[in-house]
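FYI, side chains are in, hydrogens and waters are out, and symmetry mates aren't considered; it's all heavy atoms of this structure.
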Amino acid sequence: MEKPTPPKTIEDLLREERLFQPSEEFQNKANSANPAVYEEAAKDRFKFWEEWAGQLHWFRKWDKTLEWELPDARWFVGGKTNIAYNCLDRHLPKRAQKPAILWEGEPGDQKTLTYEQLFQEVGRFSNALKKLGVCTGDRVTLYMPMVPELAIAMLACARIGAAHSVVFGGFSPEALRGRIDDSQSKIVITADGGWRRGAAIPLKQNVDEAISGDSPVKSVVVVRRTGQAVLMKPGRDFWWHEQVAGQSPRCEAEPVDSEQMLYLLYTSGTTGKPKGIVHTTGGYMVGCYATARWIFDLKEDDIYWCTADIGWVTGHSYVVYGPLLNGATIVMYEGAPNHPENDRFWAIIEKYKVTVFYTAPTAIRTFMKWGESFPQKHNLSSLRLLGSVGEPINPEAWIWYRQIIGAGKCPIVDTWWQTETGHIMIAPLPGITALKPGSATKPFPGIDADVVDEQGNPANSGYLVIKSPWPGMLRGIYGDPERYRSVYWSKYPQWYFTGDGCKKDADGYFWVLGRVDDVLKVSGHRLSTMEIESALVDYTDVAEAAVIGRQDPIKENAVVAFVTVKNGVSATPELGKILKDHVVKKIGSLARPDTILFTSELPKTRSGKIMRRLLRDIAEGRVLGDATTLADPAVVESLKKNYSED
Ligand code: WT7
């Protein structure tokens, strides 16, 4: 197979449209090296997924692979299994002494948990949860830093058949309250705090605020992490270490139905209210297992590090479940990439001899900005495979990642998927696929993805859809079947609508362009323009708000808010600051607007719809598009004049 000659400079590469073939060495050892898998899987999708399912443990084998009554899918119907059993018990005694988790705290403290130890810790906490009255089917909210106890708590919930709902530690108390109330969690697991850039995040204090007054929460379990002072309410709040002390390390895994809810994960949609995405057990397990094995090419001696926070779906599927189902050793890091210095990630790779590294384009672009000197201080030669997720990766960042981090030799797997899809859907198979910088390449075998136009005809440029059910697909929006149907299954009545624009080139490669709806990606985090607008108009002085994403070279999108104030209120810079803080209070710091622009009016159509496209044009400094439907063209002129960055 043809191999590219080593490039001279990054600039040379960018001028070329070249393919990066897998090296012979990589190909020879790859978990998946037979290109025929694509055709075989397309011919018989069920057989493909059944073979994967057959490699895992089922207390009772399924009767039927799929029951599909659009939009409701049931996979491995009648089967009984347990994902925690498959992540832990299945590896014992063979991997008893093998590290499952290599953990490093931000201050530099370390902990290793072997498969045996992780099994025991999960057993103890499962028993503790039972003692607190958690039953099969209950929801448990986890609001925690990146500590091993977070993975332990997830696995313990799964072990006893309860569903976890992990809420990212960057969300505010109000956002946490909304998620707790929607899921009706009776119990919250948290920590006193977590370290981030040298500061202790007040997690327990946030929980106290989130469950004050009316709340379904009866108990709170608190991990002691930072040692900061916290209030412990007698009868409600319990220390983790006290709860597990004296518990048996053994707790039999509950054989749950394949369609038992495994977790809820809230994500932003196009309205002000986040959606509780429902994932179930059997299909999700099979999808995570298969994709992790083939896309990350996991081998017995790999040290695998996915840098995502477990609060996002990437952390669920590819920090915890996918790799542990494969018996891999995972690295887990608590803190920021620039603490104490900008080289922290590279120091971790060198120290633990990480072989497979999975991160986000936003992070890669930030590292590019910081400069090559930081990775060059470290020996990164253990790396053999790199991954990217969360947003489109621009070719320049791709090449930098390949050359500077991957020494020009590591394949890069650019993985497209969503909270809703559960596992990776479009990505290279690193031993087979010739890579094109910026393309997630092709759908994983057994995944029926396509690009179609507005009418649903096959197209080279249009919307990304999934035409057949897949094992890890969401099973709904918690408590809102109507919204589930209308968001995903109404644009095209037969297909799953992803909300992404996409191109397909002559070789059949997919180039995902990003969202076509009012969902923003800011530093890889998913936000809704409507959610931020609701937070702004919640403030008494604000009359109206329109939020858009302005293209940003590092973060993909920057949040720009156009705000009109009520009569008699003066639009001062101070008010701008107050409004930014108000958004942080309502949602969390991840949603803080970069720019707030006060205006006396928002551009609207005659029917009163805010013209966001025009606002985007203004924010990005473009010549204005069609404004003929505008009720008052003068509004745009004055907006344009007043627009300035702060
Ligand atoms: C949205 C889903 C995937 C798990 C983490 C984010 C965008 C994701 C890629 C990629 C281009 C990507 C899409 C998608 N996206 N991966 N490799 N190339 N775009 O999950 O928060 O649910 O966001 O992220 O726009 O719809 P999420």
Side-chain angles (χ1 to χ4, degrees), residues 27 30-58 60-81 83 86 257-259 279-298 317 321-322 325-326 413 415-418 420-433 440-452 456 458 464-475 489 492-496 498 504 507-510:
Q27 218 172 2
N31 287 350
S32 175
N34 178 7
V37 292
Y38 286 99
E39 219 175 292
E40 282 164 15
K43 230 186 287 157
D44 193 345
R45 256 191 291 280
F46 290 174
K47 184 164 157 249
F48 177 78
W49 293 117
E50 281 162 13
E51 276 172 15
W52 284 107
Q55 295 176 29
L56 296 166
H57 177 82
W58 296 79
R60 182 185 186 278
K61 205 189 158 193
W62 61 94
D63 305 309
K64 203 170 164 200
T65 307
L66 171 69
E67 249 172 43
W68 177 227
E69 238 173 90
L70 193 139
D72 298 311
R74 295 161 54 79
W75 279 86
F76 305 110
V77 186
K80 288 208 184 295
T81 187
I83 196 169
N86 276 291
D257 193 90
S258 177
E259 283 300 330
H279 283 292
T280 59
T281 304
Y284 174 82
M285 171 175 82
V286 170
C288 287
Y289 170 66
T291 49
R293 192 167 199 85
W294 273 7
I295 297 165
F296 299 118
D297 195 45
L298 293 174
S317 301
Y321 291 119
L325 284 166
N326 280 282
V413 289
T415 60
W416 178 90
W417 57 296
Q418 307 177 302
E420 291 88 340
T421 70
H423 49 76
I424 297 169
M425 302 290 278
I426 304 178
L429 291 178
I432 296 177
T433 315
T441 75
K442 301 203 171 180
F444 190 77
I447 299 297
D448 192 11
D450 205 356
V451 179
V452 297
L464 180 62
V465 295
I466 318 292
K467 292 184 163 175
S468 313
W470 65 99
M473 66 190 276
L474 76 166
R475 300 303 197 259
W489 304 95
Y492 302 105
Q494 301 299 320
W495 306 325
Y496 171 83
T498 63
K504 205 157 82 171
D507 301 325
Y509 278 53
F510 287 63

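- The ring-ring contact (aromatic ring centres under 6.0 Å, His included) check on W417 picks up Y318, with sequence neighbours excluded.
- Taking the ring-ring contact (aromatic ring centres under 6.0 Å, His included) definition, one finds that F510 meets it with nothing, sequence neighbours left out.
- Between Y509 atom OH and T441 atom OG1 the span is 6.0 Å, to the nearest 0.5 Å.
- For the pair Y321 and H279, the minimum side-chain heavy-atom distance is 4.5 Å or more.
- D297 approaches P430 most closely through the heavy-atom pair CB-CG, 4.3 Å.
- With hydrogens and angles ignored, the 3.5 Å screen pairs no side-chain donor or acceptor of W58 with any backbone N or O of G282.
- T498 has its side chain out of reach of M425: every pair of non-hydrogen atoms, C-beta onward, lies at least 4.5 Å apart.
- Partners of W495 by ring-ring contact (aromatic ring centres under 6.0 Å, His included), not counting sequence neighbours, listed by chain and number: Y492.
- Between E259 and R74 the shortest heavy-atom distance is OE2-CA, 3.2 Å.
- Looking at residues two or more places apart in sequence or on another chain, you find a side-chain contact (heavy atoms from CB on, under 4.5 Å) between Q55 and W52, Y289.
- T81 pairs with exactly one of D257, N86, T281 by the side chain to side chain donor-acceptor pair (under 3.5 Å) rule, that one being N86.
- When all heavy atoms are compared, the tightest approach of G472 to R475 is C-NH1, 4.1 Å.
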Practice item. Give the intermediate values and the outcome of side chain to side chain donor-acceptor pair (under 3.5 Å) for residues N31 and R293. Key: CA-CA 7 Å; N31 287 350; R293 192 167 199 85; 5.7 Å; no

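- Annotation: side chain of F444 is in contact with side chain of L429 (closest heavy-atom distance under 4.5 Å).
- Residues L464 and I426 are in side-chain contact: their nearest non-hydrogen atoms beyond the backbone lie under 4.5 Å apart.
- How far OG of S468 is from CH2 of W68: 9.0 Å, rounded to the nearest 0.5 Å.
- Residues F76 and T280 form no side-chain contact, since every pair of their non-hydrogen atoms from C-beta on lies 4.5 Å or further apart.
- At least one side-chain heavy atom of Y284 sits less than 4.5 Å from a side-chain heavy atom of S317.
- Side chain of R45 to main chain of I447: no donor-acceptor pair is present (N/O by atom type, distance under 3.5 Å, no hydrogens or angles).
- Exactly one residue among T415, I295, T291 makes a side chain to side chain contact (heavy atoms under 4.5 Å, CB included) with H423. That residue is T291.
- When all heavy atoms of A30 and G431 are compared, the closest pair comes out as CB-CA, 3.7 Å.
- Residues satisfying the salt bridge (Lys or Arg N to Asp or Glu O under 4.0 Å) test with K504, not counting sequence neighbours, are D450.
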Using residues 36-43 as the side-chain source, report each donor-acceptor pair under 3.5 Å to any protein atom, sequence neighbours left out, with the distance given to one decimal.
none

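- Scanning both residues, G78 and R60, for their nearest heavy atoms gives O-NH1, 2.8 Å.
- For the pair W294 and I432, the minimum side-chain heavy-atom distance is 4.5 Å or more.
- You'll find the side chain of S258 stays beyond 4.5 Å of the side chain of W62, heavy atoms only.
- Across every non-hydrogen atom of A290 and W49, the tightest pair is CB-CZ3, 4.0 Å.
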